[in-house]
2 protein chains.
Amino acid sequence: MIRPMARTNTRFVEAYNELLNLCDQLEVGAYLPSENALSAQLGVSRTVIRSALTRLDDCSIIALDGREKILRRHSNAEDRLEGPPVLLGIEELESRFLDWVLRMDVPPGTVLNVAQLSKDFSVATHTLQEFFSSLSRFGIVVRRPRGGWVLLGFTKNYAVELSDFRTVLELNSVRHLAALPLDHEIWARLDSLEQEHLDLLQRIDKDFHDFSPLDEKFHAVINSVVVNRFVKEFQKIISLVFHYHFQWNKTHERERNEDAIREHLALIEALRSRDADKAEAAARRHLATSKQTLLSSLETNSHAT
Amino acid sequence: MIRPMARTNTRFVEAYNELLNLCDQLEVGAYLPSENALSAQLGVSRTVIRSALTRLDDCSIIALDGREKILRRHSNAEDRLEGPPVLLGIEELESRFLDWVLRMDVPPGTVLNVAQLSKDFSVATHTLQEFFSSLSRFGIVVRRPRGGWVLLGFTKNYAVELSDFRTVLELNSVRHLAALPLDHEIWARLDSLEQEHLDLLQRIDKDFHDFSPLDEKFHAVINSVVVNRFVKEFQKIISLVFHYHFQWNKTHERERNEDAIREHLALIEALRSRDADKAEAAARRHLATSKQTLLSSLETNSHAT
DNA sequence: TAAGCTGTCTTTAATAATAATAAACATATT
DNA sequence: AATATGTTTATTATTATTAAAGACAGCTTA
């Protein structure tokens, strides 16, 4: 009779195999460490260690009697246990899901089938539920009145509001940055960033694809001067949305990227002058361009309303 | 044998009782409407209607034969079904949870016991899970490596970062507002707000408790000029945190509130001059005071680190 | 015969039951 | 006294199951 396996025994299996390794390093006849020591060493609870020891005893690998754990033989390939398929955690899910939505161009209003998606992404259904719940904070999905989820974004409105929000946050970062003292490490980082931009500009005709990661890095550095968990959280979504769309929009890609590089350089220049107004103006220019790029990339795809 | 009730049959029970009402309004011997009609009328699926009709037949309230549904008798009290206890949805949970954390002064680092809390709040455990997942976006809770949740906020750091974030958003709103044309409806709303502030100032000695809702209203109006879903989402948390703490901090409450009213009035005045710099300065002053109030209210409570 | 109805079946989400794990407590051994 | 094991309890993650919704096809009646 197959009993329902309520919770995966991954921890047990891994601990058991690890114990086999440990045993193989000992002489036959040697004593194993205490349960407490083993549990500390393998980083699992004593409960898991005890189950594993019991099984080792059942397989005659050790002789278990009270606190005596005598090694009787070394292990062979058959002794190894195979764990259940590993499910993804909620962190890996995030980028895979947004990737799916943005790349597959899933239209707004799509009803999200939790059962199906959990298979596709190889996660537990409740993991998806939790994930959707957290995404609902960003208005990407909404819960339907009696169960189920609907994909809301990414509409044109969403893009506009996201861009505006990004602008608010990033202008704040820029103003902070311009006020930092000259011995702050940020200036060295900006110098190095500037060099990378100049390098890419040299070989823009063939390497224009390299701009996307550089853009991500650039904005990350700018925003790094503001230490704020809310800013950080939003940066994740902003970065994902902007850069996925960036990668798609193939119209005038070389020119767009070249223009963006020049805007970045202008911003670096303005920041270095430590003139807040000048820096803000340069940042505004670039963010406006970015917004336009995002909007036009949505328009080339059909269902942005 | 009691079978496990996987999903609550609230919908069935409610539909059944509703059907009883409907039957009681008919003469004995009358025909009931079609399943489709009933399902449309009661707003439930035909599946539920069919189960209910079958039960009505079993109880000899109707005679069910194909599409003939003849009423045989009126219902009595015993026929009524009692549903399972109603669980709260995730929306009600939000304010109740934050209320609990803030009022009960749950210390940061507390491990949140989902099983226990789900009883206390009378919600399903998975509802809590989802809720925590969404709260984790705001860094109020974090998931522990192997299951479970820990309450993070509200530490001093959290308060500082929340205040700073609030300042960024609200200064943006203020700059927007100052640029709005004179015929915009916002000016009338500000006039009325100003009057409410002046009124309260008159009777501040006895009614200083009335300030908290007025403060909430004031900031809501200021921020209403920016239409942005991300701003709105944050306003919810900001408003909750600030106003709960506001209500606790009893030290110099009258003076604090009077000062805050004067700062509000100064901001309204500055906004009306439509001088962005002046308005920004006034807003900064008030937000700084607000931040200090929040911090001091955390310090009076023991465990802000 | 067309419109509407019911019978049947499929799909999906919400919940309870359950196994895995962690942790606390009690007892035994060195 | 310190550390080990034995036992019990609490809690989470996952599965199995049920309620509900919806789709489809065949029947009935006007």
With a 4.0 Å cut-off on heavy atoms, is A/Glu130 in touch with a base, just the backbone sugar-phosphate, or nothing at all? nothing
Would one find a side-chain N or O of A/Asn36 under 4.0 angstrom from OP1 or OP2 of D/dT3? no
Hey, does A/Leu112 reach any base, or is it just sugar-phosphate, or nothing, if we go heavy atoms under 4.0 Å? sugar-phosphate
Rounded to whole Å, how long is the line connecting atom OH of B/Tyr31 with atom P of C/dC5? 16 Å
Got a donor-acceptor contact below 3.5 angstrom from the B/His74 side chain to the B/Glu27 backbone? no
Report yes if some heavy atom in the side chain of B/Arg72 is under 4.5 Å from a heavy atom in the side chain of B/Ile61; otherwise report no. no
Within residues 113-126 of chain B, the residues having a heavy atom closer than 4.0 Å to DNA chain D are B/Asn113, B/Val114, B/Ala115
Spell out, as yes or no, whether a donor-acceptor pair under 3.5 Å connects the side chain of A/Ser51 to the backbone of A/Thr47. yes
Interatomic distance where CZ belongs to A/Arg144 and C1' belongs to D/dG22 [whole Å]: 11 Å
Axial cation check for B/Phe234 ring with B/Arg166, 6.0 Å and 45° limits: no
Rounded to whole Å, CH2 of B/Trp149 lies from P of C/dA22 at a distance of 18 Å
Does a nitrogen or oxygen in the side chain of B/Ser34 sit under 4.0 Å from OP1 or OP2 of C/dG4? no
In whole angstrom, give the distance that lies between atom CZ of B/Arg11 and atom C1' of D/dG22. 13 Å
When we call it a touch if two heavy atoms are under 4.0 Å apart, what does B/Leu53 touch: a base, just sugar-phosphate, or nothing? nothing
Measure from CD on A/Glu35 to P on C/dT27 and round the result to the nearest Å. 18 Å
Taking the side chain from B/Arg96 and the backbone from B/Phe121, do they hold a donor-acceptor pair closer than 3.5 Å? yes
Under a 4.0 Å heavy-atom cutoff, the residues of residues 39-50 of chain A touching DNA chain D are A/Arg46, A/Arg50
B/Asn9 has a side chain; which of D/dA19, D/dA21, C/dG4 sits nearest to it? D/dA19
Starting from the 5' end of DNA chain D, give me the residue, A/Gly66 or B/Arg67, whose nearest nucleotide shows up first. A/Gly66
Cation-pi between A/Arg229 and B/Tyr158: NZ/CZ under 6.0 Å from ring centre and within 45° of the ring axis? no
Side-chain donor/acceptor contact of A/Arg7 with base of C/dT21 under 3.5 Å: no
Do the side chain of A/Asn9 and the main chain of A/Gly83 share a donor and acceptor less than 3.5 angstrom apart? no
Which class fits the ring pair B/Phe132 and B/Trp149: parallel under 30°, tilted 30 to 60°, perpendicular over 60°? tilted
Partner set under salt bridge (Lys or Arg N to Asp or Glu O under 4.0 Å) for A/Glu14, not counting sequence neighbours: none
When rounded to whole Å, the CD to P distance for the pair B/Gln129 and C/dT15 reads 14 Å
Please check: side-chain N/O of A/Asp24 versus main-chain N/O of A/Asn21, any donor-acceptor pairing under 3.5 Å? no
Sugar-phosphate, base or nothing in reach of A/Ser51, heavy atoms under 4.0 Å: nothing
Both B/Lys69 and B/Thr127 contact DNA chain C. Taking the nearest nucleotide for each, which residue is further toward the 5' end? B/Lys69
In whole angstroms, how far is the P atom of C/dT15 from the CZ atom of A/Arg146? 13 Å
Distance, rounded to the nearest Å, where B/Arg143 contributes CZ and D/dA13 contributes C1': 11 Å
